[in-house]
Chemist: 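Here's a structure for you.
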2 protein chains.
Amino acid sequence: MNLQPPKGMRDFLPKDMIKRESIISLIKQIFEKYGFDPFETPMVEYAETLEGKYGEDEKLIYKFKDKAGRNLALRYDLTVPLSRVIASNKELPKPFKRYQISRAWRYDNVQKGRYREIWQCDIDTVGSKSLLCEAELISAFIEILENLKFKKYSININNRKILDSIARYANVENKKIKDVFVSIDKFDKIGLQGVKKELESRKIKTDSVKKILSIITLADKPELLLNKLEKILGENEGINELREIISYLKQLKTKPKYAVNLTLARGLDYYTGPIFEVYVEEPKVGSLGGGGRYDNLIGNLSSSDNIPAVGFSLGLDRLIDVLNELKMIENKKTLTQVFISNVSEKNLKYTLSIVNLLRENNIKTQFDLMSKNLKKQLTFANSLEIPYVIIIGDDEVSSKKLKVKDMNSGKESNVTVNNLVKFFQK
Amino acid sequence: MNLQPPKGMRDFLPKDMIKRESIISLIKQIFEKYGFDPFETPMVEYAETLEGKYGEDEKLIYKFKDKAGRNLALRYDLTVPLSRVIASNKELPKPFKRYQISRAWRYDNVQKGRYREIWQCDIDTVGSKSLLCEAELISAFIEILENLKFKKYSININNRKILDSIARYANVENKKIKDVFVSIDKFDKIGLQGVKKELESRKIKTDSVKKILSIITLADKPELLLNKLEKILGENEGINELREIISYLKQLKTKPKYAVNLTLARGLDYYTGPIFEVYVEEPKVGSLGGGGRYDNLIGNLSSSDNIPAVGFSLGLDRLIDVLNELKMIENKKTLTQVFISNVSEKNLKYTLSIVNLLRENNIKTQFDLMSKNLKKQLTFANSLEIPYVIIIGDDEVSSKKLKVKDMNSGKESNVTVNNLVKFFQK
C-alpha cells in the first residue's frame with residue numbers, strides 16, 4: 001500500500017507543526033489587533049459557486065460529485081466562499097472585517113514551493129469603498145513581515161484601473177484588455193522579453209506592445225512614479241487612488257516597505273481596483289501572496305447590489321519554506337518542557353504525583369510510558385530535545401527532593417517538591 | 001445561484017468562530033500539558049488508505065478522482081491518516097504523542113447535531129502497550145469536561161476483549177462476534193429491546209442473546225462491576241486491563257467521572273482492547289466522542305510489525321451545540337476592544353495616531369472606515385457590542401484628552417493620551 005500523502009500534499013510532523021502554529025499565532029495576533037475577527041467556511045463548496053471566478057486557473061479546481069449527485073468542489077481560495085457568505089447574510093454590520101487561516105486546493109504542477117494543498121492567511125474588509133481599507137491591509141502585512149524579521153521585501157502596489165488606462169493609451173481593443181493583464185501578470189516569471197512575446201502571441205499590435213512595455217517598466221519612488229505616469233496618461237482615477245493609499249500609509253506610520261510596481265497585474269478575474277502583492281527579494285522567492293479590491297464579486301454572486309470589498313492573502317507554505325531556508329525560525333521537536341524518569345514500579349505513584357503537580361501548574365510534562373530502563377528514557381528525552389529531565393529513584397521519594405537535569409547544559413539542580421513549580425515558571 | 005454551503009456543512013461567522021476558537025484554545029492547552037504535540041495531515045487521502053478500516057460506515061466516505069485519475073477521498077477520521085504517517089516514518093521516537101484538532105467528512109444523514117463536515121479533537125499515544133496511556137487519555141478528557149463546567153457526564157469504559165469473552169461465554173460462533181459488537185454498539189440509540197431484535201435478526205441464537213443481554217446490562221461501581229463480571233466469565237485479560245486503568249486513574253488523582261459500561265462497543269473495526277466514550281447525561285445528548293486501543297491498524301497498513309496505539313477523539317460540533325444549548329459559553333460578536341470614532345476628515349491624522357498607539361500595545365482596535373456620521377458609527381460599535389468607544393472631535397485633538405465611553409455601563413471617562421494604554425490594560 002502507498003503510505004504517502006496524495007501528490008502535492010504533505011504531512012506535518014510535530015517538528016513542522018510547531019513551527020506552523022507559532023507563525024499562525026503571530027499572524028493571528030496581528031490580524032486581531034487590526035480589528036479582524038475569525039471566520040470559517042466549509043472546505044467543500046458547490047462547484048457552481050467557484051465557477052467563472054478564477055480566469056484561466058479555473059481548470060485547477062478539484063471537482064467531484066457526492067452520492068446524491070451534487071456537483072461539489074474543494075475550495076480554491078478563501079475569497080469566493082467569503083463572498084458567498086456575505087451575499088447570503090446581508091444583515092451583517094458593515095464594514096465586515098474577517099481573518100481566516102485555512103486551506104485550499106489547486107491541481108497545480110507540483111514543484112519547489114508549490115503544493116496542491118495550500119494554507120492561506122487572509123484578511124478582507126467588506127462593505128467599504130474607503131481606501132483606508134487598503135492601507136490597513138498593507139500595514140498589517142508589513143507588520144507581519146517585520147515581526148518575522150524579513151529584511152529585503154516589498155509590498156508591491158498597482159491598480160487595475162491604471163493597467164486599464166495603459167492598455168487604452170496603447171490603443172488595445174476593449175476585448176483584448178484582459179489578455180494584456182494576463183500577459184503582464186507573468187512579468188516576474190518570464191521577464192520583459194517573455195511578456196513581449198506573450199503579448200504578440202495574443203495578437204496585440206507591435207506599436208501597442210511597445211507603448212505598454214515602455215510604461216510598465218517605469219520605476220521610481222511611489223510619488224515620483226505616479227507623477228511620471230500622470231504626465232503620460234493624464235488625470236487618472238487609478239493614480240489618485242494609489243496616492244490616497246500612500247497618504248494613509250504615511251499617517252498610519254507604516255514602515256515604507258511598499259512600492260508602486262506597474263508590472264503587477266495579479267491573475268484573478270475578480271479584481272477591480274488597487275492590487276498588491278508581498279514580494280520577497282532575498283532570497284529570490286518572489287511573491288508570497290497578494291490581494292486587491294473586488295467591488296463586483298459579491299454583487300455578481302447574488303445578482304443584486306454590489307458590496308465593495310478588498311482582501312490580502314499570504315501563502316503560509318512558501319512563507320515557511322523561506323523562513324526555514326533562511327534559518328529564521330526556531331527548530332523544536334516537542335512542546336514538552338519536562339520528562340519525568342522513573343525506573344521502579346513501586347515509585348510509580350510518587351512519579352505520577354509529580355507529573356500531576358507540574359501539569360496542574362500548566363507545565364508541559366511527559367513521563368515514561370514504556371517501562372524503559374533509565375538509559376533508554378534519557379535517550380528518548382534527548383531525541384525529542386526535551387529541555388529538562390527529573391529522575392525519580394528511592395532517594396528522591398524519601399527525601400522529597402528532586403534532581404532536575406538541564407539537558408542542554410548538563411547541569412543538575414536539587415529542588416524540593418515545594419519549589420519545583422517555581423523552578424519551571426522562572 | 002445557491003448561496004448556501006453544501007448540505008450538512010456550515011459557515012462560521014465571527015460570533016460562531018470566536019466560540020470555536022476559545023474552546024479549541026482551552027482543549028489545546030490541556031492536550032499540550034499532557035505532553036501531546038501538534039500534528040497535521042492533508043484533508044485528502046488516497047482512497048485505498050481509508051478502505052477497509054471503518055466497517056459498515058465505509059460507505060459514508062467521500063471519494064473522487066483527480067485529473068490524473070488518482071482515486072482520492074476526503075478523510076473520514078484523524079486516526080487512519082495518523083496510522084499511515086506512523087507506518088511511513090518508522091524512525092519517529094516512541095511513544096509518539098500527538099494531538100490534532102481538524103476536520104473530517106462523512107456522507108451521513110443530516111440531522112440535529114450531525115453534520116457532514118465535522119471537527120474533531122484527537123489525542124493518540126503510539127508505540128506503547130502500557131495502560132498508563134489509556135489512563136492519561138481519559139484523565140485529559142475529564143480535565144477538559146471539568147474546565148468546560150460540565151456536571152452530569154461520564155467517561156464510559158469497556159474492553160473489546162471483554163465483549164469478545166461475553167460473546168464466547170454466550171456460545172456465539174466466531175464469525176458472528178463482529179455482528180454482536182455492531183448490535184451492542186446501537187444500545188444507546190435503540191435500547192435493550194432494540195439490541196435484542198438486532199441480535200436476533202443477525203441470527204444469534206435465542207439462548208445466546210439472553211446471556212449477552214443479561215451480562216451487558218449489569219451495572220455497578222467500576223471495581224464491583226468487574227468483580228461481578230469475573231465471577232461469570234472467570235479470570236479475564238480484559239477485566240484485568242480495566243482494573244489496571246482504574247488503578248492508574250486513581251494514582252493520577254483523576255476526578256472519578258468514569259464508569260465501566262458493558263453496553264459500550266464503539267462501531268469502528270480497528271479497536272483491539274480498551275474502548276471509551278464521553279457520555280453527557282444532562283442534557284440527554286449522549287456520546288460526544290470516543291476512542292480506544294488499536295494495536296493492529298498500523299501494522300496492517302504497512303504489512304510489517306505491529307505498533308500499538310491508543311486514541312481518544314472529541315467531536316467539537318456536538319460539544320459546541322451542547323455548550324450553546326446550556327448557555328455555558330460566552331456570546332461575543334467581535335474580539336475588538338475599542339472603536340475609535342471620528343467625524344471630521346481634518347482629524348483623521350490624529351485619529352490614526354490614536355489607532356496606532358493602541359494597536360502598538362496590542363489592543364484590538366477598529367476605527368471608522370465608511371465616513372459614517374457619529375450616530376451611525378455608534379450604532380455600528382453597538383451592533384458588534386464593542387466594549388469601548390473613543391470619540392474624537394476638535395476638542396479632543398487640541399486638549400490631548402480623550403473621552404472613553406464604556407458601552408455597557410454608558411459611563412464616560414476622561415483619559416489623557418499618555419494614560420490611554422494603561423486604561424485598557426487595567
Side-chain angles (χ1 to χ4, degrees), chain A residues 1-3 5-6 9 11-14 17-18 21 32-35 37-46 48 62 64 66-67 70 72 84-85 87-88 93 95 98 103 107 117 125 128 130 132-133 251-253 301-302 334-336 349 352 356 359 362 364-366 369-370 380 383-384, chain B residues 1-3 5-6 9 11-14 17-18 21 32-35 37-46 48 62 64 66-67 70 72 84-85 87-88 93 95 98 103 107 117 125 128 130 132-133 251-253 301-302 334-336 349 352 356 359 362 364-366 369-370 380 383-384:
Chain A
M1 177 174 297
N2 185 349
L3 293 175
M9 309 193 189
D11 298 319
F12 300 97
L13 295 173
M17 207 53 205
I18 288 169
E21 292 272 0
E32 288 178 3
K33 74 182 190 182
Y34 275 79
D37 281 310
F39 171 92
E40 259 302 345
T41 66
M43 304 283 186
V44 178
E45 289 282 345
Y46 286 118
E48 63 164 347
Y62 281 85
F64 58 101
D66 75 5
K67 289 178 209 300
R70 290 181 191 89
L72 302 178
R84 175 184 58 69
V85 176
S88 61
R98 84 89 174 79
R103 299 188 224 186
Y107 189 73
E117 180 176 71
T125 299
S128 167
S130 167
L132 275 164
C133 303
Q251 292 178 68
L252 278 166
K253 304 234 181 297
L301 271 171
S302 56
T334 182
L335 297 173
T336 298
K349 191 171 181 176
L352 294 183
N356 268 339
R359 287 182 179 166
N362 223 4
K364 301 178 181 86
T365 308
Q366 291 196 46
L369 288 171
M370 292 176 75
F380 172 76
S383 70
L384 288 190
Chain B
M1 177 173 297
N2 185 349
L3 293 175
M9 309 192 189
D11 298 319
F12 299 98
L13 295 174
M17 207 53 205
I18 288 169
E21 293 272 0
E32 288 178 4
K33 75 183 191 182
Y34 275 79
D37 282 310
F39 171 92
E40 259 302 344
T41 66
M43 304 284 186
V44 178
E45 290 281 345
Y46 285 118
E48 63 165 348
Y62 281 84
F64 58 100
D66 75 4
K67 288 177 209 300
R70 292 181 190 88
L72 302 177
R84 176 184 58 69
V85 176
S88 61
R98 82 90 174 79
R103 300 188 224 186
Y107 188 73
E117 181 176 70
T125 299
S128 167
S130 167
L132 275 164
C133 303
Q251 293 178 68
L252 278 166
K253 305 236 181 297
L301 272 172
S302 56
T334 182
L335 297 173
T336 298
K349 191 170 182 179
L352 294 183
N356 268 338
R359 287 182 178 166
N362 223 4
K364 301 178 181 84
T365 307
Q366 291 196 46
L369 288 170
M370 293 176 74
F380 171 76
S383 70
L384 288 190

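These numbers come from a predicted model, not from an experiment. Here is the naming used below: chain letters follow the sequence lines, and residue numbers restart at 1 for every chain. Computed over heavy atoms, backbone and side chain alike; hydrogens, waters and symmetry mates excluded.
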Chemist: With a 3.5 Å distance limit and no angle check, can you tell me whether A:Asp37 reaches the backbone of B:Leu335 through a side-chain donor-acceptor pair?
Modeler: yes
Chemist: Please round to the nearest 0.5 Å and tell me the distance separating atom SG of A:Cys133 and atom CG of B:Leu369.
Modeler: 4.5 Å
Chemist: What are the two closest heavy atoms between B:Val44 and A:Glu117, and how far apart are they?
Modeler: N-OE2, 4.4 Å
Chemist: Quick one: list whatever passes ring pair (Phe, Tyr, Trp, His ring centres under 6.0 Å) with B:Tyr46, sequence neighbours left out.
Modeler: none
Chemist: Taking all non-hydrogen atoms of both residues into account, name the closest pair between A:Glu48 and B:Met1 and its distance.
Modeler: O-CE, 3.6 Å
Chemist: For the interface with chain A, which of B:Thr365, B:Val85, B:Thr336 has the highest count of heavy-atom pairs at distances below 4.5 Å?
Modeler: B:Thr365
Chemist: Under the side chain to side chain contact (heavy atoms under 4.5 Å, CB included) rule, what do B:Tyr62 and A:Leu72 come out as? Steps first, then yes or no, please.
Modeler: CA-CA 11 Å; B:Tyr62 281 84; A:Leu72 302 178; 4.1 Å; yes
Chemist: Give the minimum heavy-atom separation between A:Leu3 and B:Leu301, together with the two atoms involved.
Modeler: CD2-O, 4.0 Å
Chemist: For the interface with chain A, which of B:Glu45, B:Arg84, B:Arg98 has the highest count of heavy-atom pairs at distances below 4.5 Å?
Modeler: B:Arg84
Chemist: Look at the side chain of B:Ser383 and the backbone N and O of A:Pro93, then say whether any donor-acceptor pair between them is shorter than 3.5 Å.
Modeler: no
Chemist: To the nearest 0.5 Å, what is the distance between CG (B:Leu252) and CZ (A:Arg359)?
Modeler: 7.0 Å
Chemist: In terms of heavy-atom proximity below 4.5 Å to chain A, should B:Asn2 be classed as side chain, backbone, both, or neither?
Modeler: both
Chemist: With a 4.5 angstrom heavy-atom cut-off, could you sort out which part of A:Arg70 is near chain B: side chain, backbone, both or neither?
Modeler: side chain
Chemist: Looking at B:Pro14, B:Gly35, B:Pro42, which makes the most heavy-atom pairs under 4.5 Å with chain A?
Modeler: B:Pro42
Chemist: Between A:Glu32 and chain B, which part of the residue has a heavy atom less than 4.5 Å away: side chain, backbone, both or neither?
Modeler: both
Chemist: With a 4.5 Å cut-off on heavy-atom pairs, point out which of B:Ser88, B:Ser130, B:Pro95, B:Ala87 contacts chain A the most.
Modeler: B:Pro95
Chemist: Side chain, backbone, both or neither: which part of A:Tyr107 has a heavy atom under 4.5 Å from chain B?
Modeler: side chain
Chemist: Measuring heavy-atom distances to chain B, does A:Phe380 have an atom under 4.5 Å in its side chain, in its backbone, in both, or in neither?
Modeler: side chain
Chemist: Write down the atom of B:Ser128, the atom of A:Met370, and the distance for their closest heavy-atom approach.
Modeler: CB-CG, 3.5 Å
Chemist: Please look at A:Ile18 and chain B and tell me whether the side chain, the backbone, both or neither of the residue comes under 4.5 angstrom of a heavy atom of that chain.
Modeler: both
Chemist: In terms of heavy-atom proximity below 4.5 Å to chain B, should A:Glu40 be classed as side chain, backbone, both, or neither?
Modeler: both
Chemist: So for A:Asn362, is it side chain, backbone, both, or neither that comes closer than 4.5 Å to the heavy atoms of chain B?
Modeler: both
Chemist: Would you name the heavy atoms of B:Thr41 and A:Arg103 that are closest together and state the gap between them?
Modeler: O-NH1, 2.9 Å
Chemist: Please work out whether the ring planes of B:Phe64 and A:Phe64 are parallel, tilted or perpendicular, with thresholds of 30° and 60°.
Modeler: parallel
Chemist: For chain A, which candidate among B:Lys253, B:Lys67, B:Met9 shows the most heavy-atom pairs at distances under 4.5 Å?
Modeler: B:Lys67
Chemist: Between A:Lys349, A:Met43, A:Glu21, who has the most heavy-atom pairs with chain B when the cutoff is under 4.5 Å?
Modeler: A:Met43
Chemist: Taking the side chain as every heavy atom from C-beta outward, state whether A:Leu13 and B:Phe39 have any atom pair closer than 4.5 Å.
Modeler: yes
